[in-house]
Every structure is written in structure tokens, then in C-alpha cells.
Amino acid sequence: MPVPPPVPLPEVPIPRLRDVMGTFATGVVVVTALDEERPVGMTVQSFASLSLRPPLVVFAPARTSRTWPLVRRAGWFCVNVLAEDQAHVAAAMASGGDRFRDVDWRPGLGGQPLLDGALAHVEATVQTVHDSGDHDLVVGRVRRVERVRDAAPLLYHRSAYARLVAEAPTAEQPPRP
């Protein structure tokens with residue numbers, strides 16, 4: 001049976017894609033590293049656990065980022081999972097200037113900043129980087145993890161920071177432990 005000729009696929013307009021993808025809520029993290037004794041960091045919303053064996057995580061920095069090449073060169077990085085009261089940290093790490101001026105931190109295994117107040121720290125080394133359109137897809141090998149505090153996460157939805165709103169349990173739905 002003959003194969004039909006390929007049908008040209010339409011391009012998805014960027015504003016439409018951005019609008020539709022904005023309906024998916026994500027967590028907010030700050031990826032940090034130490035570049036020649038200087039802390040560097042960037043706010044990232046494209047982050048996920050990739051594998052348990054071996055322990056891998058993935059994030060996707062924009063190829064236009066000025067911070068990403070510094071993180072890549074450092075080799076070590078920390079994914080700091082932000083709490084709902086840390087929108088100011090996310091905003092600081094997404095801006096220019098001295099991003100660490102009002103942010104307290106301690107050094108991790110490779111010197112990378114572990115941000116105070118984060119929900120968790122995932123310390124990793126850059127394993128592979130894949131060219132993925134206007135972003136890079138970074139796979140990191142997890143070297144150490146710690147859950148720092150129990151609080152609600154900072155979320156990002158429809159181009160704005162957001163928070164979880166817990167529903168009151170009903171008789172049919174008992175509270176979670």
C-alpha cells in the first residue's frame with residue numbers, strides 16, 4: 001500500500017502557545033551555582049525529577065540566559081525549591097543586578113548556594129545538555145538532597161506567582177496525614 005504524501009503542518013503562533021501553556025501550573029525553583037567565588041542564580045519553572053535510578057533531574061534554561069553559561073561552567077548546581085513566602089526571591093533571581101544582595105545562603109557540596117527558607121535543596125552536577133530549540137535541556141546527576149521545611153510551595157500560573165488553596169475536608173474526604 002502506498003504511503004500518502006506528508007501534509008504540511010501549521011505553525012502554532014507563539015502568543016497562542018504561551019497562553020495555552022500558561023494554563024499549566026508549575027512549581028518555582030531557583031537554580032544556583034558558584035562562578036569563580038561569586039554566587040549566581042536564575043529562576044526556573046521548567047524543572048522535574050527525571051529518574052530515580054540513577055537519580056536525575058532536568059531543567060530547561062533559555063539559551064539567551066546570561067546566567068546559564070555560568071552554571072554550566074561551574075558544573076555543580078543546586079535546585080532550590082521555593083516556598084509560597086519566597087516570591088521576592090524568585091523575582092530577585094529573575095532580575096538584573098546583585099541577585100544575592102538580600103538573600104541568605106550557605107554553600108553546598110560544590111560551593112553552590114543553598115538558599116535559606118527553601119522547601120528543599122537538590123544538589124547536582126551537570127551530566128548532559130541537549131539543544132532544545134530556544135532552550136537547553138539540562139540533565140543533572142543528583143548528589144545530595146535535603147527537605148528543609150514543611151510549607152506550601154510557590155507556584156507559577158498564567159504568568160503570575162500563585163499559591164495553593166487547600167479545600168476543607170468533607171465527610172467523604174478525610175484530611176490527609
Side-chain angles (χ1 to χ4, degrees), residues 18-19 21-50 55-127 129 132 134-166:
R18 187 173 282 147
D19 177 58
M21 297 310 293
T23 64
F24 181 67
T26 65
V28 181
V29 302
V30 169
V31 174
T32 58
L34 197 63
D35 179 56
E36 299 177 358
E37 309 289 324
R38 183 176 61 102
V40 295
M42 61 184 169
T43 302
V44 174
Q45 70 181 64
S46 300
F47 166 73
S49 172
L50 182 62
L56 302 173
V57 293
V58 63
F59 70 97
R63 298 186 81 197
T64 57
S65 168
R66 286 177 276 149
T67 303
W68 161 231
L70 305 176
V71 173
R72 185 176 189 170
R73 180 172 65 200
W76 277 92
F77 64 90
C78 180
V79 176
N80 297 271
V81 180
L82 298 188
E84 70 178 356
D85 62 358
Q86 292 185 296
H88 66 285
V89 175
M93 295 295 166
S95 68
D98 183 1
R99 296 177 179 181
F100 285 85
R101 187 179 64 201
D102 296 320
V103 178
D104 293 327
W105 60 277
R106 61 184 167 83
L109 288 173
Q112 70 283 4
L114 309 182
L115 303 183
D116 288 355
L119 297 178
H121 300 128
V122 180
E123 296 178 74
T125 52
V126 175
Q127 180 165 306
V129 178
S132 302
D134 58 3
H135 283 66
D136 281 335
L137 193 63
V138 181
V139 177
R141 176 70 183 254
V142 177
R143 303 300 177 173
R144 182 168 70 176
V145 295
E146 69 177 338
R147 186 171 174 178
V148 182
R149 68 178 176 133
D150 192 23
L154 180 62
L155 302 177
Y156 196 73
H157 181 251
R158 292 198 170 275
S159 301
Y161 296 119
R163 296 178 178 191
L164 287 176
V165 177

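Computed over heavy atoms, backbone and side chain alike; hydrogens, waters and symmetry mates excluded.
- The shortest distance between side-chain heavy atoms of Trp76 and Leu34 does not fall below 4.5 Å.
- Between Arg38 and Val40 the shortest side-chain heavy-atom distance falls below 4.5 Å.
- For Trp105 against Gly111, the heavy-atom pair with the smallest separation is CZ3-O, 4.0 Å.
- Taking OH from Tyr161 and OG1 from Thr43, the interatomic distance works out to 5.0 Å, rounded to the nearest 0.5 Å.
- Residues Val57 and Ala124 come closest through the heavy atom pair CG2-CB, 4.5 Å.
- Asn80 places a side-chain N or O within donor-acceptor distance of the main-chain N or O of Leu115, the cut-off being under 3.5 Å.
- The salt bridge (charged side-chain N to carboxylate O under 4.0 Å, His left out) check on Arg66 picks up nothing, with sequence neighbours excluded.
- Legend: side-chain hydrogen bond (donor to acceptor under 3.5 Å, both in side chains) pairs involving residues 84-95, not counting sequence neighbours, sorted by first then second residue: Asp85-Arg149.
- In this structure, the side chains of Trp68 and Val129 come closer than 4.5 Å at one or more pairs of heavy atoms.
- With hydrogens and angles disregarded, a donor-acceptor distance shorter than 3.5 Å links the side chain of Glu123 to the backbone of Leu109.
- Across all their heavy atoms, Leu119 and Leu82 have their closest contact at CD1-O, 3.7 Å.
- Listed here is the closest heavy atom pair of Ala74 and Ala33: CB-CB, 3.9 Å.
- Formation of a donor-acceptor pair under 3.5 Å by the Thr32 side chain with backbone atoms of Gln112 is not found in this model.
- Atom CZ of Arg18 has 12 or fewer neighbouring heavy atoms from other residues, nucleotides or ligands inside a 6.0 Å radius.
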| task | Start with the C-alpha distance between Asp136 and Arg63, add both sets of side-chain angles, then the distance that settles salt bridge (Lys or Arg N to Asp or Glu O under 4.0 Å), and finish with yes or no. | result | CA-CA 6 Å; Asp136 281 335; Arg63 298 186 81 197; 3.2 Å; yes

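- Gly41 and Arg99 get closest at one heavy-atom pair: O-NH1, 2.5 Å.
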